[in-house]
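Beneath this line is the structure, given in structure tokens, with notes to follow.
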There are 2 protein chains.
Amino acid sequence: MSTIERPLPAEVFSGLDRVGPVPLYAQVAERLEALIADGTLPSGTRLENEIAMGERFGLSRPTMRRAIQVLVDKGLLVRRRGVGTQVVQGSITRRAELSSLYDDLAQDGRRPTTEVLVYEQLLPSPELTQLLGVEVDHPVLHLRRLRSADGVPIALMENHLIAAPTVGREELEHRGLYEMLRERGSTMRVARQFVTARAATKEEAKLLDVRVGGPILTLERTAYDQSGQIVEIGHTHYRPDRYTIEFTLVAK
Amino acid sequence: MSTIERPLPAEVFSGLDRVGPVPLYAQVAERLEALIADGTLPSGTRLENEIAMGERFGLSRPTMRRAIQVLVDKGLLVRRRGVGTQVVQGSITRRAELSSLYDDLAQDGRRPTTEVLVYEQLLPSPELTQLLGVEVDHPVLHLRRLRSADGVPIALMENHLIAAPTVGREELEHRGLYEMLRERGSTMRVARQFVTARAATKEEAKLLDVRVGGPILTLERTAYDQSGQIVEIGHTHYRPDRYTIEFTLVAK
DNA sequence: CAGTGGTCTAGACCACTTA
DNA sequence: AAGTGGTCTAGACCACTGA
């Protein structure tokens, strides 16, 4: 409720790194996000106007604006013309990123493990050829993995990958797929995702340790790399009592 | 696969409205999106560099950049420094907006109908008070609605609204909730959403016409308005065979 | 090395909100 | 009327990519 404006400690505004690789707007956004996260800027707090803040940081208005916009896009700040910029209520900072389940779990302090059930090169079916946009004789890597956290099965993951013969089976047991692909020069940039639910099949029930016919949360993903090419089609089936998909929408 | 650069018809670049309320960058983004949607700019097409395009439109580089960035954020374009801007493969333009289910269905040409099951003012429970950040004696509007499309039940929606005594019961039968709130000065700006699945209860099964214990897709949402205040907490239960949640992630 | 996008600046004008 | 964010311009320098 409070729309109080609070003076911030001076050290917040100094010490930006103008030579390193991190853009100024990103550094500023990071600092402001930290202030929101640690409660220095509580819900409802009104920020100074962007020109004044820019001056404090020693930045031009466009750069300061851009820093603020990063947090608006994350759903942490709200702006109104003629009024000002405020911290959103209940802004527990949370991700909904293009990251891997493996990283998510590890970041939460859980111990992710992976069992590789299927690892095979195959020539794609006609439908898959169409979906992936590859030639009929272009081999595709087909993976089926069971991901657990602290020993409890969480997700059954099925992937079809283009041009990834270098992804080794053993390495898949201990690392996230996206991380491995990134190292090999294929960075995921865009992913289109469809989420729904359905009844567990006999096999899924067995692997995920749930009741046959019970609810399964399913996610279908098409991932594109930095050149706009499809690099992966994934189908993931989650145990709904163990996993929730979270995301933030921001009106543009 | 094609990284062909194609000449665009000259009329694409002319006739921007410099006096109307629609920003130039939005007009340009709209035009480019249309070109992608209608196949004039097929998957993989490489765009001219941003300075050249800006000149064609008669725009400065920052404005042209901003127009392009809109489409990058939508997942339609991909950019690489030193290389250029390309149309993403398989870019069927699709939404994942902060819009209402009612609008979504209507836009798809289906006939949405709504049955209001519960419409009551109530004093929030302690937990709800905490969640909404309201006073204990602040009344909250509690709604329970069944949304159908073409006569088939799609979703069971439960909402707790702050300060919305002006939302009439009858009107709810024929319009979307968000649209009604917008008219009353409360525009949704941010929504934090959690998606999972669970087994249908007896009541849900009856209302949604599914099997008891069968899969239900559930979405929990906290919505904030333009001043960062919570205005709604919603729980929606979807029939998974009739509804899929779609969203696009873009790496920043 | 030429061409691309990424960042940053300094300033201008405007629309909207609030009082 | 004063203060805010929203838009737009004109230019600069840099980092990265690929031939």
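Predicted, not measured: the structure shown is a model, and the values here were computed from it. Lettering of chains follows the sequences in order, A, B, ..., and the numbering in each one begins at 1.
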Does OP1 or OP2 of [N] have a side-chain N or O of [X] closer than 4.0 Å?
X	N	answer
B/Tyr25	D/dT7	yes
B/Thr63	D/dT7	no
B/Asn49	C/dG3	no

Counting distance only, does the side-chain N/O of A/Arg46 pair as donor-acceptor with the main-chain N or O of A/Gly84 below 3.5 Å?
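Absent.
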
Is it the case that more than 12 heavy atoms not belonging to B/Glu173 sit under 6.0 Å from its CD atom?
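It does: B/Glu173 CD has more than 12 such atoms within range.
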
Please verify the inter-ring angle class for B/Phe57 with B/Phe13; under 30° counts as parallel, over 60° as perpendicular, anything in between as tilted.
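Rings of B/Phe57 and B/Phe13: perpendicular, over 60°.
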
Over 60° means perpendicular and under 30° means parallel, so classify the ring planes of A/Phe247 and B/Phe247, tilted if in between.
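Ring orientation of B/Phe247 relative to A/Phe247: parallel.
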
Looking only at the side chain of [X] (C-beta and beyond, no hydrogens), which of the listed nucleotides [options] gets closest?
X	options	answer
A/Arg65	D/dG6, D/dG18, C/dG6	D/dG6
A/Val83	C/dT17, C/dG5, D/dT4	C/dT17
A/Pro23	D/dG5, C/dT7, D/dT7	C/dT7

D/dT7 P sits how many Å from B/Asp17 CG, rounded?
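From B/Asp17 CG to D/dT7 P: 15 Å.
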
Expressed in angstrom and rounded to an integer, what is the separation of A/Glu50 atom CD from D/dT4 atom P?
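Nearest whole value for this atom pair: 10 Å.
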
Among residues at least two apart in sequence or on other chains, which ones pass ring pair (Phe, Tyr, Trp, His ring centres under 6.0 Å) with B/Tyr25?
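Here no residue qualifies.
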
Using the 3.5 Å cut-off, write out each protein N or O paired with an N or O of nucleotides 10-15 of chain D and the distance between them.
residue, atom, partner, partner atom, Å
D/dA12, N6, B/Arg61, NH1, 3.1
D/dA15, O4', B/Arg81, NH1, 3.1

Is it true that B/Arg79 and B/Thr85 share a donor-acceptor pair across their side chains at a distance under 3.5 Å?
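Yes, a side-chain donor-acceptor pair sits under 3.5 Å.
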
Checking all strands, does A/Ile51 fall into the base, sugar-phosphate, or nothing category for heavy-atom contacts under 4.0 angstrom?
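It contacts nothing in the nucleic acid.
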
